[in-house]
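Side chains included, hydrogens not; waters and symmetry mates left out as well; all remaining heavy atoms used. Convention: sequence-line order gives letters A, B, ...; per-chain numbering from 1.
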Amino acid sequence: MSRYAATDVEARWQEAWDKAGIFRARRDAERPKYYVLEMFPYPSGRIHMGHVRNYTMGDVVARYKIATGHNVLHPMGWDAFGMPAENAAMASGGHPKDWTYANIADMRAQMKPLGLSIDWSREFATCDPEYYGQQQALFLDFLEHGLVYRKNAVVNWDPVDMTVLANEQVIDGKGWRSGAEVERRELTQWFFRISDFAEELLEALDTLDDWPAKVRLMQENWIGKSRGLQFAFSLIDGPEGHDRIEVYTTRPDTLMGASFIGISPDHPLAKRLEAERADVAAFCAQARKGGTTAEAIEKAEKLGFDTGLRVRHPFDTAWELPVYIANFILMDYGTGAIFGCPGHDQRDHDFCAKYDLPILDTFLPIDAEHDIQAAPFVPLKSERVRYTRLVAGDEVQTGEVGVNAAIDFCEANGVGQGVTKFRLRDWGLSRQRYWGCPIPVVHCDTCGVVPEAKENLPIRLPDDVSFDAPGNPLDRHPTWRDCACPRCGASARRETDTMDTFVDSSWYYARFTAPDAATPTDMAEAEYWMNVDQYIGGIEHAILHLLYSRFFARAMQICGHLPDKAIEPFDALFTQGMVTHEIYQTRDVAGRPVYHLPEEVYWRDGKAFVQAQVSFDGQSVKVDEDAVVVEVEVIPSAKMSKSKKNVVDPSTIIAQYGADTARWFVLSDSPPERDVEWTASGAEAAHRHLSRVWRIAAEIAQSDAPASPEDETLLREMHKCIDEVTKGIDSFGFNAAIARLYAFTNTLAKSQAGQAAKSTAARTLAQLMSPMTPHLAEDIWAMLGGQGLVTTAPWPQPDPAMLIDDTVILPIQINGKRRAEISVPSDMPKSEVEKLALAHNAVVKALDGAQPKKIIVVPGRIVNVVL
RNA sequence: GCCCGCGUGGUGGAAUGGUAGACACAGGAGACUUAAAAUCUCCAGGCCCUCGGGCCGUGCCGGUUCGAGUCCGGCCGCGGGCACCA
């Protein structure tokens with residue numbers, strides 16, 4: 001008997017599926033539709049194990065849904081714009097477009113051998129002009145509907161590379177590429193009005209029952225709804241036009257503990273003073289320095305500048321408070337001004353200590369001493385406190401009640417009003433980059449900012465650009481900017497900013513429903529295919545991508561590009577874990593880590609070793625055979641990265657074992673939402689198991705064993721397996737489903753049943769395995785005379801009668817501890833079971849003639865005798 | 001600082017409040033073989049044992065329950081998200 005030759009077999013079945021066209025999705029009113037989507041990849045050039053895991057999970061779902069009679073849409077595309085392409089161009093002198101399309105071709109070639117049930121006829125890349133042209137059309141529609149606007153905003157500006165940097169690209173206050181000190185600069189940028197949807201995006205989270213609670217919570221926190229009081233302090237002798245300072249607070253119950261007013265360096269009052277006074281200007285310049293990252297902020301010293309101005313406290317006009325400009329106050333949250341309450345806030349306490357301002361309390365612990373001068377008293381909102389001053393009254397109550405009472409009191413006394421604020425800010429989409437979707441607007445001297453005419457779309461990126469100088473190549477292009485004003489026809493300039501790449505990924509799922517449509521979507525197709533029934537991807541996109549997509553779906557619905565039902569585009573979301581791998585590390589003489597490839601490491605007595613590495617001047621030099629052997633430090637469960645030398649290339653694995661092995665392994669060892677560690681032995685074991693299944697099936701195909709009493713037992717096991725595997729796949733319990741398949745394989749291997757029963761069992765096993773290991777399943781199915789393709793064969797149904805055993809083994813507990821067991825017919829009435837249990841030796845012995853206090857019989861489960 | 005999640009054998013993990021450790025990895029013993037590979041069989045939480053079994057055991061302490069890995073409260077540890085957010 002020959003062995004299972006995975007690679008040949010897999011290529012053959014992929015061809016068969018292709019020929020049969022079974023993954024081509026077409027509208028069909030007869031069958032229920034099912035849209036399964038995995039987050040599309042960035043075309044870096046190589047697929048990695050994370051991709052394999054992600055797309056395999058999607059494929060399991062897709063194939064299962066095909067087998068259960070659904071009309072499945074399972075598309076694939078490329079998130080193809082972005083900085084790596086430009087960086088590669090700058091480094092090697094190529095063109096981002098060539099680099100990107102070459103990478104797409106490479107990755108597609110690596111992906112196809114996985115045997116995914118993808119409808120490749122729908123494939124597109126976001127850098128295709130056909131795609132980004134439709135994105136430009138969407139932008140124009142958004143503009144018309146007031147969903148996008150232009151305003152000045154403070155950004156991280158790299159003065160050397162001459163571009164805006166995302167917060168993630170600012171490290172220690174310096175640009176990640178140039179190393180230059182990042183400046184906060186005000187630029188005119190385009191923004192999506194996502195904050196207008198804050199309330200709706202928050203409330204709709206409650207409807208997303210099939211999303212992970214964790215993701216919903218993260219979005220909830222990101223949107224950051226808060227309720228507080230907005231009111232004004234009147235300014236004494238302020239500059240003209242500045243007679244009050246508006247502040248927002250979530251703790252109005254601390255209003256009587258105010259010590260100072262703080263305003264942002266970007267506050268209109270600060271700017272006014274800055275224009276008039278050199279000392280203020282110097283301070284503001286100092287305060288604006290440094291990035292806006294968490295890290296930069298953490299290190300920055302809290303600085304204040306006393307403007308000399310004073311305000312009056314709203315509840316006591318004789319009470320005057322100083323106005324400081326402070327570097328820690330943000331202009332784009334609340335009103336850009338705060339009142340400082342040192343008694344109940346650590347930062348304000350530090351600030352007041354530093355600038356010698358009074359520290360007052362407004363409430364204290366109920367039954368403990370607290371020295372407010374030494375430290376602020378910061379209770380939880382739910383903690384009960386003893387109020388000591390006005391506004392919330394002087395009763396004992398929780399902070400939460402105090403806040404509400406304070407808002408009511410202030411409103412009743414004409415001091416401000418209760419307001420709701422959100423942390424969510426509008427989404428700045430302008431990027432000073434070449435490799436992105438051009439923003440389709442024109443700057444005209446007479447007409448101002450004018451939307452491009454739709455018939456001029458797509459506004460294509462020029463191919464002839466150079467990356468030899470910093471800044472945006474579109475800005476430097478000799479002719480690309482020149483155009484005619486769509487409104488007056490005079491010569492005008494194109495906008496050279498491109499869109500944030502998150503825009504590209506915010507609507508691709510909708511485009512897949514009609515990838516060739518002449519408008520962004522085709523409503524008939526969208527009506528049929530939307531929503532995505534199952535979306536699968538990494539938790540790292542829990543906030544930005546998923547929130548942006550939710551916003552985009554709403555915006556597209558408003559513009560008539562999506563049906564009403566699609567405002568929440570993803571019905572179910574699954575976030576899968578990473579594929580990790582051990583790191584093998586030694587150290588050179590300077591103590592710096594040296595990493596070793598898995599194949600350099602060998603194991604003895606559970607310890608890992610490599611040939612010694614000797615280092616001269618930090619250069620690691622490998623010494624020859626008879627050199628010292630060095631024990632390696634093994635760091636488990638690490639993210640795969642080239643620099644740590646712990647990357648496993650899927651293509652290598654597929655060449656060695658076949659795709660089914662890789663697919664089986666990434667699903668088998670851990671629950672899908674958790675990380676899974678890739679191990680060579682695990683992969684080998686997976687391969688060994690698949691070969692075994694094939695061998696068992698091949699033996700069955702050639703056997704002529706007659707029917708036997710064992711048949712019934714085997715078929716009962718089979719139906720239980722169908723039931724459990726089906727439930728496992730339905731609930732994303734792929735690892736549990738696979739464990740069940742292992743168990744059933746063992747049963748089948750040992751069974752003495754006849755050929756007919758075994759053949760049925762093996763064909764069913766092939767069906768149950770087909771979502772995970774489709775090639776092997778087809779091969780077995782064909783070998784055992786299955787009709788057509790196993791991929792399209794109807795999913796097996798468990799026979800309920802076969803799921804119930806005639807007899808069950810019932811454990812008997814005495815006082816909750818397992819002491820014995822009895823075998824009883826599964827339909828035996830409780831009273832009979834009780835009698836049997838009481839008659840059992842162990843029970844009689846334990847009772848010692850006494851009556852039991854209580855007997856609990858859980859049919860089919862357990863008996864508990866309480867003494 | 002605020003919010004959330006998770007702690008089960010040597011390892012990954014399984015277990016609608018009902019026999020804890022399924023299934024697998026690594027390990028051990030054996031069969032087949034001249035040998036190896038491949039394959040197959042068996043063992044395997046810990047501690048005792050008169051070989052029937054007994055005691056302990058799901059991070060720690062307590063609670064609810066006939067019964068808790070699972071529910072509740074507190075602690076310890078690890079991981080994740082957010083954060084000059086007023």
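Listed by residue number, A/Asn221, A/Trp222 are the residues of residues 220-228 of chain A with a heavy-atom contact under 4.0 Å to RNA chain B.
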If you look only at distance, which donor and acceptor atoms sit under 3.5 Å apart when one is on a side chain in residues 419-426 of chain A and the other is two or more places apart or in another chain?
{"unit_1": "A/Lys421", "atom_1": "NZ", "unit_2": "A/Gln230", "atom_2": "OE1", "d": "3.1"}
{"unit_1": "A/Arg423", "atom_1": "NE", "unit_2": "A/Trp222", "atom_2": "O", "d": "3.1"}
{"unit_1": "A/Arg423", "atom_1": "NH2", "unit_2": "A/Trp222", "atom_2": "O", "d": "3.4"}
{"unit_1": "A/Arg425", "atom_1": "NH1", "unit_2": "A/Asp332", "atom_2": "OD1", "d": "3.4"}
{"unit_1": "A/Arg425", "atom_1": "NH1", "unit_2": "A/Asp332", "atom_2": "OD2", "d": "2.9"}
{"unit_1": "A/Asp426", "atom_1": "OD1", "unit_2": "A/Ile194", "atom_2": "N", "d": "3.2"}
{"unit_1": "A/Asp426", "atom_1": "OD1", "unit_2": "A/Ser195", "atom_2": "N", "d": "2.9"}
{"unit_1": "A/Asp426", "atom_1": "OD1", "unit_2": "A/Ser195", "atom_2": "OG", "d": "2.7"}
{"unit_1": "A/Asp426", "atom_1": "OD2", "unit_2": "A/Tyr149", "atom_2": "OH", "d": "2.5"}

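When distances run from any side-chain atom of A/Ala685 to the nucleotides B/rC25, B/rC85, B/rA86, the shortest one goes to B/rC25. Nearest to the side-chain atoms of A/Pro811 among the listed nucleotides B/rC82, B/rC40, B/rU19 stands B/rU19. Looking at the side chain of A/Arg688, the nearest of the listed nucleotides B/rC84, B/rG18, B/rC25 is B/rC25. The side chain of A/Arg347 lies closest to B/rA86 when the candidates are B/rC3, B/rA86, B/rU41.
OP1 or OP2 of B/rA86 sits under 4.0 Å from a side-chain N or O of A/Tyr333. Between A/Arg740 and B/rA22 there is no side-chain N or O to OP1 or OP2 distance below 4.0 Å. Close to B/rA22, at under 4.0 Å from its OP1 or OP2, lies no side-chain N or O of A/Asn746.
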| field | For RNA chain B, the dot-bracket pattern of Watson-Crick and G-U pairs whose distances stay under 3.5 Å, | for other-strand partners | value | (((((((..(((.....[....))).(((((.......))))).((((....))))..(((((..]....))))))))))))....
Considering only nitrogen or oxygen atoms on both sides, find all protein atoms under 3.5 Å from nucleotides 54-59 of chain B and state each distance.
{"unit_1": "B/rC55", "atom_1": "OP2", "unit_2": "A/Arg819", "atom_2": "NH2", "d": "3.4"}
{"unit_1": "B/rC56", "atom_1": "OP2", "unit_2": "A/Lys817", "atom_2": "NZ", "d": "3.4"}

What's touching nucleotides 14-16 of chain B from the protein side, N or O pairs under 3.5 Å?
{"unit_1": "B/rA14", "atom_1": "OP1", "unit_2": "A/Asn735", "atom_2": "ND2", "d": "3.2"}

Where do N or O atoms of nucleotides 62-69 of chain B meet protein N or O atoms at under 3.5 Å, pair by pair?
{"unit_1": "B/rC66", "atom_1": "OP1", "unit_2": "A/Lys854", "atom_2": "NZ", "d": "3.4"}
{"unit_1": "B/rC66", "atom_1": "O2'", "unit_2": "A/Asn864", "atom_2": "ND2", "d": "3.1"}
{"unit_1": "B/rC66", "atom_1": "O2", "unit_2": "A/Asn864", "atom_2": "ND2", "d": "2.6"}

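Residue A/Arg425 places a side-chain atom within donor-acceptor reach of the base of B/rC85, judged by atom type and a 3.5 Å distance cut-off alone.
Remark: A/Lys750 NZ to A/Thr747 OG1 distance equals 8.0 Å, nearest 0.5 Å.
One N or O on the side chain of A/Thr679 and one on the backbone of A/Gly682 form a donor-acceptor pair closer than 3.5 Å.
Between the side chains of A/Glu246 and A/Tyr248, no donor-acceptor pair of N or O atoms lies under 3.5 Å.
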